2 protein chains.
Amino acid sequence: MPYATPVKPTAGPLGEPIRGAATLADIARAAGVSASTVSKVLNAKGDVAAATRERVEAVLREYGYRRRGPRTAPLLDLVFHELQSAWSLEVIRGAEKVAQEEGLSLVLSQSEGRSTPGQSWLDGVLARRPTGVLLVLSKLEAAQCRQLTTRGIPFAVIDPDGELDVDVPTVGATNWQGGLTATRHLIQLGHRRIGVVAGPSRMLCSRARLDGYRAALETAGLRFDPKLVVAGEFHHDEGHRLGKELLRSEDRPTAVVAGNDLQALGVYEAARELGLRIPQDLSVVGFDDLPVARWVGPPLTTIRQPLAEMAAAALHMVIGLARGDERTRAATRIELATELVVRASTAPPSKA
Amino acid sequence: MPYATPVKPTAGPLGEPIRGAATLADIARAAGVSASTVSKVLNAKGDVAAATRERVEAVLREYGYRRRGPRTAPLLDLVFHELQSAWSLEVIRGAEKVAQEEGLSLVLSQSEGRSTPGQSWLDGVLARRPTGVLLVLSKLEAAQCRQLTTRGIPFAVIDPDGELDVDVPTVGATNWQGGLTATRHLIQLGHRRIGVVAGPSRMLCSRARLDGYRAALETAGLRFDPKLVVAGEFHHDEGHRLGKELLRSEDRPTAVVAGNDLQALGVYEAARELGLRIPQDLSVVGFDDLPVARWVGPPLTTIRQPLAEMAAAALHMVIGLARGDERTRAATRIELATELVVRASTAPPSKA
DNA sequence: CTGAAAGCGCTTACAG
DNA sequence: CTGAAAGCGCTTACAG
């Protein structure tokens, strides 16, 4: 063997070109093609035979090729489905902290309502070559996953929106447990008719929370009444609209479990409009524990979801994958615990 | 002249190496030194005589030198003093929209409580060579300004924290006018004892708002009473603490102008604890018009500050400067209008 | 569709 | 402290 075998990068500070890591010339040699051809594959330029392209891509993947070039500060892409409410801010904050510790800079983008970021976003990612990608409430198509993998860019998803391939690393919270705990809290206070303003059913987290609610009712021997369940987007206005629907009905619930804190505030408003006092006439439980939950009147009882910690865990996962850390590769599904925070929006139902 | 004169970049898509823009070799020629020496100046490596360094830096500035290298997707740095509350999110959102339109990616960082970002941040910026830098409630030291200017990285400041050099581009809101409008609204409702929970006095925007309050009192022929003025950080807890101070006093005000919406929510809580109803017993006006202002009970009357638009304006300013646009260079101080949004937290004082 | 060759823009080890 | 020379990693125009 006339050449030193280039190594697969497995450690070393992020962003620094790794000593001994494969160069374009190494890849060319390993794939049995010229440097020109590898360059064309990498830049999606010029004609390359499909078979050649695949062989080169396989070698790129195998060696974990990353362009050297003048060292640019290492980046990490954070992609939101939607930059919405303090929810996003908590995630940003958690990610920013870890990024700073690890010497990474956060690049922020949003997929603008679409659950999958578009090709222009992916082109941008490939051009800026981040250390990794973190998706929040978004998902990637199979082809997009493959492109990232080919370039050696690892990724993880926070709170996946819909189903995902088994091998996509994810971080979430114990949503089912949270729905269960919220409902049990109300049952223990003596509530029997408990309504739900749920999040959109396309989202896994909403479905899990709703199932937790059902489980709590069932184990308490209470009947599940579909008339007490309404669902909509995770916004204040939806909470308001749906809450009003629920509270105007004949046999209105004495308590409501909301899909998140924003919906809970919408329920607050619906209750105000209908002259119902919280918690005397209506108990409300939220989900998330955003800062605003402490600030409203009355302060909101809610299920705390450790958003900053979830972002931090996901970032550590991506960084571990970028380093080729074996222990990270083994544990790419994480659920962090939720927790009931009792404040002043829940109380026993009035005897009326 | 044996060489074509390299041009100063003045137009063309951001991020693309500009046709005809100066290369390192051009700079060396213009400065009468070798390429090696220019490289050393740029990378702060090796010994370079102070005089040589200055000459080279002058030429770098003059030509607006930007490293070519493999084209990386163009970046824009967004630096927060503190990633706090929905306030930051509005700014991020406004910036993100413009960035997307202009094909820029946002890099997010925070200076962690210090009003000036540290050297490690600056090193990062120099390494990733963004198209520009946007500072939010932060400022740069003179030396940091010079380093950015030398590398041809323009910057602007949103809502500057403290005084700034005259030639630093800034975007703000009409804070004085806002304070005036908020106070006049209360005066017109019949209030005579109007308290203020002001923001920190080190911040220009707080001082301007407070001065607007004084001006409104004076033009209405009302006496300014320093006992009715308290000041603290722009947080809920400070609003709560200071509001309580103000409302527990002997001759309590019938209305409070808060420094921002978060402080106003703190005043809400103080009022609840003291058994004062809003707006019957106490009127409250906020500042910012964050989404939460619509969600609380009662919905908050506030001065709307167009945060997203401010961010957008600042971004356009930076982009204009990066392009060398003359019209941008002429107008680097912008104040966007604030606006009174009347909701349900203000009413005439009770006759008691 | 592929690759040898030239070249680009920058960096670096080293001689002076 | 400075620069000529070699070199790095990649891209590109072009011949086959």
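Proteins come first, then strands; the chains are lettered A, B, ... in the order of their sequence lines, and each starts at number 1. No experiment lies behind these values; they were computed from the predicted model shown. Below, all heavy atoms of this structure are taken into account, side chains as well, without hydrogens, waters or symmetry copies.
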Roughly, in whole Å, what's the span from [atom1] in [X] to [atom2] in [N]?
{"X": "A:Arg55", "N": "C:dC1", "atom1": "CZ", "atom2": "P", "result": "14 Å"}
{"X": "A:Ile27", "N": "D:dC10", "atom1": "CD1", "atom2": "C1'", "result": "13 Å"}
{"X": "B:Arg29", "N": "D:dG3", "atom1": "CZ", "atom2": "C1'", "result": "15 Å"}
{"X": "B:Asp47", "N": "C:dT12", "atom1": "CG", "atom2": "P", "result": "15 Å"}

Candidates D:dG3, D:dT11, C:dT2 - which lies nearest the side chain of B:Val33
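Nearest to the side chain of B:Val33 among the choices is D:dG3.
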
Quick check for you: among D:dG3, C:dT11, D:dC10, whose closest atom lies nearest to any side-chain atom of B:Thr37?
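Nearest nucleotide to the side chain: D:dG3.
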
Given the C1' atoms of C:dG3 and C:dG7, what is the spacing between them in whole Å?
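Result for the C1' pair: 16 Å, nearest Å.
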
Annotated structure of DNA chain D as dot-bracket, pair cut-off 3.5 Å, Watson-Crick or G-U only, | for inter-strand, is |||.||||||||.|||

According to side chain to side chain contact (heavy atoms under 4.5 Å, CB included), who are the partners of [X], at least two apart in sequence or on a separate chain?
{"X": "B:Ala31", "value": "B:Val33, B:Val56, B:Val59"}
{"X": "B:Ile334", "value": "B:Val171, B:Met317, B:Leu336"}
{"X": "B:Ala95", "value": "B:Leu78, B:Leu106, B:Ala311, B:Leu315"}
{"X": "A:Gln144", "value": "A:Thr116, A:Leu122, A:Leu140, A:Glu141"}

Applying side chain to side chain donor-acceptor pair (under 3.5 Å), can you list everything that pairs with A:Ser109, at least two apart in sequence or on another chain?
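Counting only residues at least two positions away or on another chain, A:Ser109 forms a side chain to side chain donor-acceptor pair (under 3.5 Å) with A:Trp121.
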
With B:Asp77, which residues qualify under salt bridge (Lys or Arg N to Asp or Glu O under 4.0 Å), at least two apart?
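With sequence neighbours excluded, B:Asp77 shows a salt bridge (Lys or Arg N to Asp or Glu O under 4.0 Å) to B:Arg128, given in chain and number order.
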
Check salt bridge (Lys or Arg N to Asp or Glu O under 4.0 Å) between B:Glu57 and all other residues, then give those that pass, not counting sequence neighbours.
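B:Glu57 satisfies salt bridge (Lys or Arg N to Asp or Glu O under 4.0 Å) with no residue once adjacent residues are dropped.
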
Contact class for B:Val38 (heavy atom, under 4.0 Å): base, sugar-phosphate, or nothing?
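Here B:Val38 touches no strand at all.
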
Would you find a donor on one side and an acceptor on the other, under 3.5 Å apart, between the side chain of A:Arg93 and the backbone of B:Leu83?
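The answer is yes, because a donor-acceptor pair under 3.5 Å joins these two groups.
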
Check nucleotides 4-6 of chain C against the protein and report each pair of N or O atoms closer than 3.5 Å, with its distance, or say if there are none.
{"unit_1": "C:dA4", "atom_1": "N6", "unit_2": "A:Ser36", "atom_2": "OG", "d": "2.7"}

Is it the case that the side chains of B:Thr37 and B:Ser34 hold a donor-acceptor pair, with the cut-off being a distance below 3.5 Å and no angle test?
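Note: B:Ser34 and B:Thr37 side chains meet the donor-acceptor criterion.
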
